[in-house]
Protein chains: 2
Amino acid sequence: MNEPDSSGILNLDNQICFALYAANRAVTARYRPILDQLGITYPQYLVMLVLWEHARQGQVTHVSDLGRRLRLDSGTLTPLLKRLSERGLLSRSRDPGDERSVIISLTDAGLALEDQARDVPARLLCDLNLPPERLGALRDELRAVLEMLEAGSAPNARSSL
Amino acid sequence: MNEPDSSGILNLDNQICFALYAANRAVTARYRPILDQLGITYPQYLVMLVLWEHARQGQVTHVSDLGRRLRLDSGTLTPLLKRLSERGLLSRSRDPGDERSVIISLTDAGLALEDQARDVPARLLCDLNLPPERLGALRDELRAVLEMLEAGSAPNARSSL
DNA sequence: CGCATTTATCTTGTGCACAATATAATTTTG
DNA sequence: CAAAATTATATTGTGCACAAGATAAATGCG
């Protein structure tokens, strides 16, 4: 292994990025059969989580709120919300107070789906089969990385080349 | 509606899955401007990493090798490899010993690109700005999760709530 | 007020991911 | 050996992600 790249800098297994990439897809794959029973995809589930949360607190949800929370832009959200709308889980309407904005409202079916979703996290954690404190620590580390990346928006301050 | 989920089980921020999802996209976004300079995307970069690794060790690479290593199927790899081929970084040819298999060979340009890629990890780590030991620990945790998910293929044994 | 600017969303185009299916070559079996 | 089963890749269709550009409403300013 002492060849051109002996230090293994370019070794796939050494890269945190690949671990993140592969773990994310593996977790999403675990969600799939569970969410299939609710008739939604994983990104759609994340959107529904925010909508349920806002509904519980009597908050109105605009598309931009979803974008801020999930870090997604309208190019992703618009078609996704249209699909959820077609499935009858929510409705989209212009905000009378600001005709540029679209208000996303859960339908009765969308609200009712929360009951069916309530055991999704438990079923997934059961799949993951790791002690909760380890998962909590991992989540906090991931949040730290996320914060770091979103705060330090120096997108190439020092190009060491 | 019984309890409006005040325990926060369905709270977005409590979910490790979202941390993973958001962190992965944030890291990929950091790679983007760096990899743009090489003219490749992030999944293409991962493929190239494997190809460079095999080239260093004099190993032949089949499409199936890439799939095993990156956990991707041919539906993802075939078009991705075609794009890399169009960019002149690799060539695809049937294995004479088994006409079902396709051998992926780096072109001179593909091999040469490794030199330009050598500082990519350093530039990204600089962006991440976290102590290496913390990143190493995070990577190991992610690998543990990945292993768990790939080993325990009990895809819904118990729905414990 | 009128016009430039900003803001919120939509649209278009590219590139993954992945399920499902197709095709063709190889291996296994009877 | 020939039919059946397996294996490797390719194709098709759906659904994200995200960049870039378009549209229309709201805001700011002289």
Side-chain angles (χ1 to χ4, degrees), chain A residues 17-18 20-33 35-36 39-48 60-87 92-104 155, chain B residues 17-18 20-33 35-36 39-48 60-87 92-104 155:
Chain A
C17 59
F18 176 65
L20 203 50
Y21 169 80
N24 179 51
R25 286 193 297 121
V27 167
T28 304
R30 283 292 175 150
Y31 269 100
R32 213 181 320 277
L35 293 177
D36 273 353
I40 57 177
T41 67
Y42 177 64
Q44 289 169 6
Y45 170 68
L46 296 178
V47 166
M48 293 302 286
V60 174
T61 308
H62 296 257
V63 173
S64 55
D65 299 324
L66 296 170
R68 248 188 311 281
R69 197 71 184 282
L70 301 172
R71 279 83 170 178
L72 292 171
D73 68 6
S74 69
T76 300
L77 286 173
T78 297
L80 185 155
L81 291 168
K82 279 183 181 171
R83 283 185 283 269
L84 286 176
S85 171
E86 281 162 14
R87 285 177 202 221
R92 296 152 8 99
S93 60
R94 290 282 165 183
D95 183 343
D98 185 340
E99 288 285 341
R100 292 170 306 178
S101 283
V102 170
I103 291 179
I104 305 298
Chain B
C17 58
F18 176 65
L20 203 51
Y21 169 80
N24 178 51
R25 287 192 297 122
V27 168
T28 304
R30 284 290 175 152
Y31 270 100
R32 212 180 322 277
L35 294 178
D36 273 353
I40 56 178
T41 66
Y42 177 64
Q44 288 169 7
Y45 170 67
L46 295 178
V47 165
M48 293 302 287
V60 174
T61 307
H62 296 258
V63 173
S64 55
D65 299 324
L66 295 170
R68 249 187 311 280
R69 197 72 184 281
L70 301 172
R71 279 84 171 176
L72 292 171
D73 67 8
S74 70
T76 301
L77 286 172
T78 296
L80 186 154
L81 291 168
K82 280 184 180 170
R83 282 184 284 268
L84 286 176
S85 170
E86 282 163 13
R87 285 177 204 223
R92 297 155 3 103
S93 60
R94 290 282 165 184
D95 183 345
D98 184 341
E99 288 283 342
R100 292 170 306 178
S101 282
V102 170
I103 291 179
I104 305 299

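Lettering follows sequence order; numbering is per chain, from 1.
- DNA chain C is contacted by both B/Gly97 and A/Asp98; A/Asp98 maps to the nucleotide lying nearer its 5′ end (nearest heavy atom per residue).
- Formation of a donor-acceptor pair under 3.5 Å by the A/Arg94 side chain with backbone atoms of A/Glu99 is found in this model.
- No donor-acceptor pair under 3.5 Å is formed between the side chain of A/Thr76 and the backbone N or O of A/Leu72.
- Side-chain N or O atoms of B/Asp65 include none that pairs as donor or acceptor with a backbone N or O of B/Arg68 at under 3.5 Å.
- Whole-Å rounding puts the A/Leu81 CG to C/dA8 P distance at 16 Å.
- The phosphate of D/dT9 (OP1 or OP2) has no side-chain N or O of B/Lys82 nearer than 4.0 angstrom.
- With rounding to whole Å, B/Glu99 atom CD is found 12 Å from C/dT27 atom P.
- Here the side chain of A/Ser64 is nearest to one of D/dA25, D/dA10, C/dT9, namely C/dT9.
- Checking D/dT9, C/dT9, C/dC10 against every side-chain atom of B/Thr78, the shortest atom distance belongs to D/dT9.
- Taking atom CG of B/Asp95 as the reference point, atom C1' of D/dA8 lies 11 Å away to the nearest angstrom.
- B/Tyr45 OH to A/Cys17 SG: the interatomic distance, rounded to the nearest 0.5 Å, is 6.0 Å.
- Regarding B/Leu70, its CG atom lies at a distance of 14 Å from the P atom of D/dT9, rounded to whole Å.
- Side-chain atoms of B/Arg87 come within 3.5 Å of backbone atoms of B/Gly39 as a donor-acceptor pair (strictly under, hydrogens ignored).
- With B/Glu86 contributing its side chain and B/Arg83 its backbone, the two residues share no donor-acceptor pair below 3.5 Å.
- One can place CG of A/Asp65 at 16 Å from P of C/dT7, the figure rounded to the nearest angstrom.
- For a distance-only test at 3.5 Å, the side chain of B/Arg100 fails to qualify as a donor-acceptor partner of the base of D/dT9.
- Remark: the backbone N or O of A/Arg69 is paired with a side-chain donor or acceptor of A/Arg71 at under 3.5 angstrom.
- Put simply, CG on B/Leu66 is 14 Å from P on D/dA8, counting in whole angstrom units.
- A close approach under 4.0 Å does occur between a side-chain nitrogen or oxygen of B/Arg92 and OP1 or OP2 of D/dA10.
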Response to the item:
Under a 4.0 Å heavy-atom criterion, the protein footprint on nucleotides 13-23 of chain D, written with B, S and -, is --SSBBB----
